[in-house]
Structures are given as C-alpha cells and as structure tokens.
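Just below is one structure, and these are the notes that go with it.
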Amino acid sequence: MSETHYDDPHQFVSDTSPGEILKRERERQGLSRDEVSTALNLRPAVVGGLEADTYDGVSVAAYRRGYLRAYARLLGIDDRPVIEAYNTRFGKTESEHRVTPVHASKPPSRLGAWLFKLVTLLVIAGLIGLTLLWWQSRDGNDLLGLGGNDQVAVDNMDGTPVSQESDGTTDLPPVPDEGEEMGLVDDSVESPDYAPPTATDSNIGDVPAAQDTPQGTPGEADEPTAVEASSAVAQDPLIEDGVVLEGSESDAENQPTETQQAEAATGQDAATPETAAQEEPATASTRSLSLTFNEQSWTEIFDANNNRIFVGLQEAGSQATAEGQPPFRLTIGNASGVELRYRGEPVDLSARAGGNNVARFTLGE
Amino acid sequence: MFKRLRGLFSSDLSIDLGTANTLIYVRGRGIVLDEPSVVAIRQSGNMRSVAAVGLDAKRMLGRTPGNITAIRPMKDGVIADFTVTEQMLQHFIRKVHQSTFLTPSPRVLVCVPCMSTQVERRAIKESAEGAGAREVFLIEEPMAAAIGAGLPVEEAQGSMVVDIGGGTSEIAIISLNGVVYSESIRVGGDRFDEAITAYVRRHYGSLIGEATAERIKEEIGCAYPGGELREIDVRGRNLAEGIPRSFTLNSHEILDALQETLASIVAAVKSALEQSPPELASDIAERGLVLTGGGALLRDLDKLIAEETGLPVIVAEDPLTCVARGGGKALEMIDQHTFELLSSD
C-alpha cells in the first residue's frame with residue numbers, strides 16, 4: 001500500500017520538506033495531530049513544528065532527527081527519505097550546539113604543562129650546579145688547608161715561633177729548647193745568661209765529673225753546677241751532632257785553662273761560647289727531627305738534598321731522631337700514633353693526616 | 001621514546017570493546033573495523049596459538065573440533081580472559097594499521113561500562129597497553145554513546161541515554177559533561193539470545209545454538225505487540241529424538257520469549273527516572289531519551305519504552321556504532337583541552 005509513497009519522497013526529496021512528507025502521510029492515513037503526539041509522547045506543538053519545519057522547541061539536531069524518524073516509523077514509512085530531506089534542507093550541522101563555552105573558559109593546559117616541565121628541569125639543573133660548586137669549593141678548602149701548612153713552614157724559616165702554626169695551637173716559645181724538657185731549669189733561671197756556657201762546660205766531662213765539681217767548688221758554684229748537671233742530662237741524648245761535639249771538644253780543650261786563667265779571659269771565652277751555644281742549638285734543632293712512636297708506623301723522611309735520611313717500619317714504643325738539611329719531606333704512616341718534634345715543638349700530625357691516616361708534608365721550608 | 005617515534009606512524013583509535021562486537025574508530029577515517037569479539041584458539045600440545053579473530057572466529061563458534069576453541073574473551077562488558085583479550089586487541093590494532101611497517105603504537109581510547117570496578121578498568125587498560133597502545137584513555141560507555149548520538153552533553157541540560165549492548169545495558173543521565181546518574185544492568189543482546197534458546201527448548205524441545213538464536217532475534221524479534229507478524233524457519237536438534245528437526249517460529253513467540261528480559265530493561269529505565277534530580281527529569285520529559293547500542297535495533301523497543309515511561313523515545317542514528325563514534329569525537333577533543341569526560345582510572 002505504501003510502495004507508491006516510498007517512491008514519491010525519493011523523487012521529491014530535493015524540493016519536498018520533511019514536514020511535508022510526514023504531514024501528507026498522516027493526512028492520508030487519517031490520523032489527527034493529537035493522536036500522533038500521544039503516540040510519540042511529544043507535545044502537539046512539537047509535532048506541529050515538525051510538520052511545519054520550524055522546530056522551535058527542539059534546539060538539538062539529534063533530537064530533531066530522532067523525532068522525525070520516530071514519526072516516520074509511527075506512520076509506517078521509511079525514515080531515510082525524511083532524514084535525507086531534512087539534511088538537504090538544514091544540512092548535517094550537528095556541531096551547531098557545540099559552541100557552548102563550557103571548556104572555553106579553561107586555559108590551554110598544554111602550555112602550562114610545558115612550563116611546569118621547563119621550570120622543574122631548571123630547578124633540577126640549578127640544584128646539580130650548586131652541588132657541584134659546593135663540592136669543588138670543599139676540595140678547594142682542602143687544598144687551601146695544605147697551602148696554609150706550607151705557609152707555616154715559610155714562617156719557620158723566618159725564625160718566627162711555631163706558635164703561628166696552622167690551627168693556632170699556641171705552643172711554647174722556641175727558645176727554651178732544653179729548658180722545656182727539664183722543669184729543674186726553671187729553678188735556676190736566675191742566671192740564664194750563664195747557664196749555657198756552664199752547660200757546655202759541663203759537657204766536657206761525664207756526668208759523674210759534673211757531680212764531682214760541686215764537691216770541689218763549694219759555695220760559689222752551687223747553683224751553676226745544679227744547672228750543669230741537669231742540663232747535661234738533658235742535653236746528652238739530644239745533642240749528638242758533630243758540630244756540637246766539636247764545639248764541646250773545643251770547650252773541653254779550654255777547660256783546664258778556664259779554671260786557671262783570669263776572670264776576664266773566661267769572661268771573653270764565656271762570651272764567645274755563649275753566642276755560639278745560642279746559635280748551635282738553633283741550627284741543631286732545625287736540622288733534626290725527633291720521632292716518638294706510640295704505635296707501629298712506617299716513616300720515611302727526605303731532606304732538602306733529596307737524601308733519604310730516615311726510613312723504616314718503627315715498632316710501638318720506639319723513638320728515633322733524624323737529621324738532615326731542612327726542609328724535610330715526611331711521610332708518616334699511622335700518623336695518629338706518632339709524635340713528631342721539630343725545633344723542640346710538637347708538630348700536629350693529625351691535622352696533616354689524610355683520610356687513610358698517613359701524613360705527607362714538608363717541614364721547615 | 002621509541003614508542004613515541006612509533007606513535008608518529010600510528011593513528012589515534014577509539015575502541016568500543018564490547019561483549020558482542022568490537023568496533024574501532026580511527027581519527028579522520030571513521031569506523032574502520034566492526035567485528036565480533038570472538039577469538040579462536042588452537043591448542044597443539046602445550047602451545048596455544050590464535051587461529052582466528054573476529055568474523056572468521058565467529059563462524060567457528062560452536063563448530064570447532066577438539067583442538068580449537070572459539071571463545072568470547074569479554075563477558076558482561078568486562079574482560080573474562082585477559083590474555084586472549086590482549087591478543088584480540090593486538091590483532092585488531094594491527095589490522096587497522098596495515099600499511100605501516102613499524103609496529104603501531106597508537107593512543108587508544110577504550111569505552112568501559114560505567115559500573116565496572118577499578119580492577120576491571122585496570123584490566124582493560126593493561127590489556128590495551130599490552131596490545132601496544134602508547135597511551136590509554138578510558139571513557140564511560142554511556143558518555144561515549146551520548147556524544148556519538150549527538151546529544152548536547154556539555155550543556156546544563158539533562159540527556160538520558162539507554163545503551164543496550166551485548167552483555168550490559170547502561171542507563172545514564174548526563175549533564176555538563178558528567179554522568180549524573182548511571183545504572184548498569186547485566187542484561188543485553190546476549191540475554192535476548194539466551195531467552196530465545198530457552199524458549200525454543202521449552203516449547204519445541206529442540207536445542208539451537210547461539211548463532212541461530214541471534215539470527216532469530218535479528219530477523220523476527222520485536223519488543224512491542226501489534227506489529228507485523230513475521231516468521232522464520234529454524235533447524236535445531238530435537239532433544240527427545242536426538243536428531244535435527246526443522247520448525248517455524250513467529251514474532252509473537254519471540255516477543256513472549258523476550259518479555260522477562262525486556263521487563264528488566266524497562267524497570268532499570270524507570271528506576272533511573274525515579275532517581276534523577278527533578279530539573280533533569282523535566283528536561284528528559286521534554287526531550288525524551290535516546291536508545292543506542294545493538295539492542296536498540298530490536299524492533300519496536302522504542303515503542304515499548306515510550307509506552308512504559310510516557311516519554312518520547314528516539315533511536316540514535318546508526319546505534320551500533322554510537323559508542324565508537326562518540327569515543328572518536330572525545331579523542332579529537334583530547335588535544336583541544338583536558339577532557340573531563342574521560343573516566344578516572
């Protein structure tokens with residue numbers, strides 16, 4: 001029955017509106033608009049709009065087309081011609097309702113994401129750079145520290161007291177080399193000027209001889225002899241240097257004459273040895289290093305001529321003295337267990353020891 | 001890095017991974033693949049290999065020898081067999097990218113049922129990633145269906161979508177790019193087939209297969225009485241005699257068979273309407289609800305729902321591909337702005 005109606009819309013699809021097709025079919029079937037609106041559950045106004053192609057109440061294209069299809073199927077006709085007619089008349093503008101700016105207010109997040117990434121990268125790079133700087137500066141400090149030690153060595157060359165040494169550990173003044181070792185000297189400080197000559201005098205003989213003298217010369221020589229004895233004991237282990245020995249030998253030659261000769265002569269003699277004696281310990285102490293090993297340690301010392309003046313594995317409890325031309329290049333293993341004295345001053349090895357407790361440094365430059 | 005490079009040679013895909021059919025929409029090309037979600041697995045010793053996927057596999061369904069099993073890896077809208085799903089997706093993605101010599105690594109948008117659990121969503125996501133996707137987005141099926149049907153989802157107006165798929169039916173009320181209310185029932189096209197099979201067994205004492213039941217549904221199935229009476233000749237195995245018999249079914253019988261299943265869909269729609277906020281309910285009453293999915297093709301289903309709810313009911317254009325097309329549109333919008341329609345993982 002409806003075959004003719006299927007063909008007709010196809011032929012008139014270009015000029016027939018969808019509403020017209022539907023209206024014609026509805027009237028042909030003798031249906032009222034109300035009946036259609038009841039069957040489709042649509043308001044009669046909407047059905048009227050569909051037939052008049054106005055679609056006032058229906059803004060969304062999907063619904064319009066849906067209603068048209070439902071209407072066509074209700075009438076029992078093919079819905080495709082109706083939709084085609086609709087499309088040719090109104091176009092397939094499905095996107096017309098997509099302009100609502102729900103998303104439009106949102107900022108494009110892509111740029112934000114890139115910025116965030118960039119900033120993160122910059123921050124990370126900055127942190128790495130700072131870490132490197134800090135690392136380098138830390139290394140630099142270490143180097144500076146070593147340089148500081150060198151400067152200390154330079155100071156020593158000038159003869160300035162060792163008390164200026166690196167970490168400022170105030171040491172005793174350098175002069176009382178011998179006195180430091182024996183507290184007794186302090187008692188006899190009354191005549192410090194005379195003490196050195198007498199000390200060198202007493203070096204002539206052995207300690208018993210020195211002990212004899214007080215007996216022989218009572219009264220006047222009491223105090224000096226006390227000093228003699230003590231300083232002799234003190235100097236014996238220390239001063240073995242050839243120069244000193246020579247000096248003392250010369251003094252020894254003078255000794256017999258000393259007692260017999262006039263005071264003036266002895267005064268002159270005493271004056272010359274006095275200066276000599278004052279210099280001699282100084283030169284001796286700048287040439288010698290005293291090492292006390294509290295723990296086992298391997299030690300090697302080179303002097304200015306690059307001669308190895310001391311080397312070997314030292315047992316705990318041993319002591320050693322090395323002599324040579326300063327400055328010395330020292331390598332002291334197990335530095336924390338070794339005490340080093342130079343010019344009578346203890347040298348702080350722990351400050352110079354590296355991470356493996358080995359101290360490598362130059363002394364007396 | 002390499003994936004990104006391969007991504008240059010791949011097109012973005014929107015996949016409607018359905019229980020019955022898998023559809024793939026390629027950006028700029030439209031729907032390029034519409035095949036049944038069926039995989040035939042050949043077992044030789046301990047080795048399992050894919051014998052066929054899609055249409056070829058569906059032809060094997062119920063007709064396979066012992067060493068081949070044709071299975072549907074999706075059940076009720078979610079993954080039932082993880083590895084097979086992955087292989088099926090891999091096959092489909094490769095099929096879509098036939099021309100490229102590099103293994104494709106596209107961005108993929110997959111539609112998931114709105115009531116699927118986090119675990120099920122994660123499974124779908126990992127499955128797509130395993131199939132070679134560079135990036136995986138998930139979107140809820142009713143949202144994709146609404147976009148595909150051309151509904152104004154971004155407007156402050158309620159739109160109601162009833163998406164009747166193979167395994168599930170999704171009912172959702174959408175406004176301002178969000179799902180206001182959603183309901184997912186595990187009733188869909190498969191349940192129609194099962195109902196027809198059960199009806200034939202009960203009334204004709206014969207056993208018919210899945211494929212036959214589906215053919216009956218497509219040819220003479222209807223949801224509302226009063227339509228034209230249609231008939232179909234069917235062959236099935238008679239249970240009593242044990243031999244194949246031929247018999248004729250008509251659309252009234254099928255309507256009778258589908259009553260229970262249809263009632264559950266109608267009940268879900270009514271329940272959604274009951275729970276919708278009054279403003280949105282008035283919008284829906286004014287404009288009606290939209291049917292999408294393969295189930296919407298069941299004859300006179302719109303009439304049934306219109307009759308039961310008293311609302312205008314329209315069937316979307318090309319309801320089978322609505323979800324995939326909607327996913328494709330969503331995919332196109334992803335680049336324009338962060339897309340809030342996407343489901344959270």
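Residue numbering restarts at 1 for every chain, and letters A, B, ... go by the order of the sequence lines.
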Report summary line: To the nearest 0.5 Å, atom CZ of R64(A) lies from atom CD1 of I314(B) at 12.0 Å
Query raised in the report: Atom CG in L42(A), atom CZ in R287(B): separation rounded to 0.5 Å?
Result: 12.5 Å
Query raised in the report: Got more than 12 heavy atoms from elsewhere within 6.0 Å of CD, E279(B)?
Result: no
Would you name the heavy atoms of [X] and [Y] that are closest together and state the gap between them?
X: N41(A); Y: L311(B); answer: ND2-O, 2.9 Å
X: A149(B); Y: A62(A); answer: O-CB, 3.2 Å
X: V60(A); Y: P152(B); answer: CG2-CG, 3.5 Å

Which region of [X], side chain (C-beta onward) or backbone (N, CA, C, O), has a non-hydrogen atom less than 4.5 Å from a non-hydrogen atom of chain A, or is it both or neither?
X: E286(B); value: both
X: T309(B); value: neither
X: A156(B); value: neither

Requested in this report: Evaluate the criterion side chain to side chain contact (heavy atoms under 4.5 Å, CB included) for residue pair R69(A) and E317(B); output intermediate values, then yes/no.
Outcome: CA-CA 9 Å; R69(A) 269 202 311 276; E317(B) 272 175 282; 2.7 Å; yes
Requested in this report: Could you have a look at D302(B), D300(B), V315(B) and say which one has the most heavy-atom pairs with chain A under 4.5 angstrom?
Outcome: V315(B)
Query raised in the report: If we only count heavy atoms from C-beta on, is the L40(A) to P312(B) side-chain gap below 4.5 Å?
Result: no
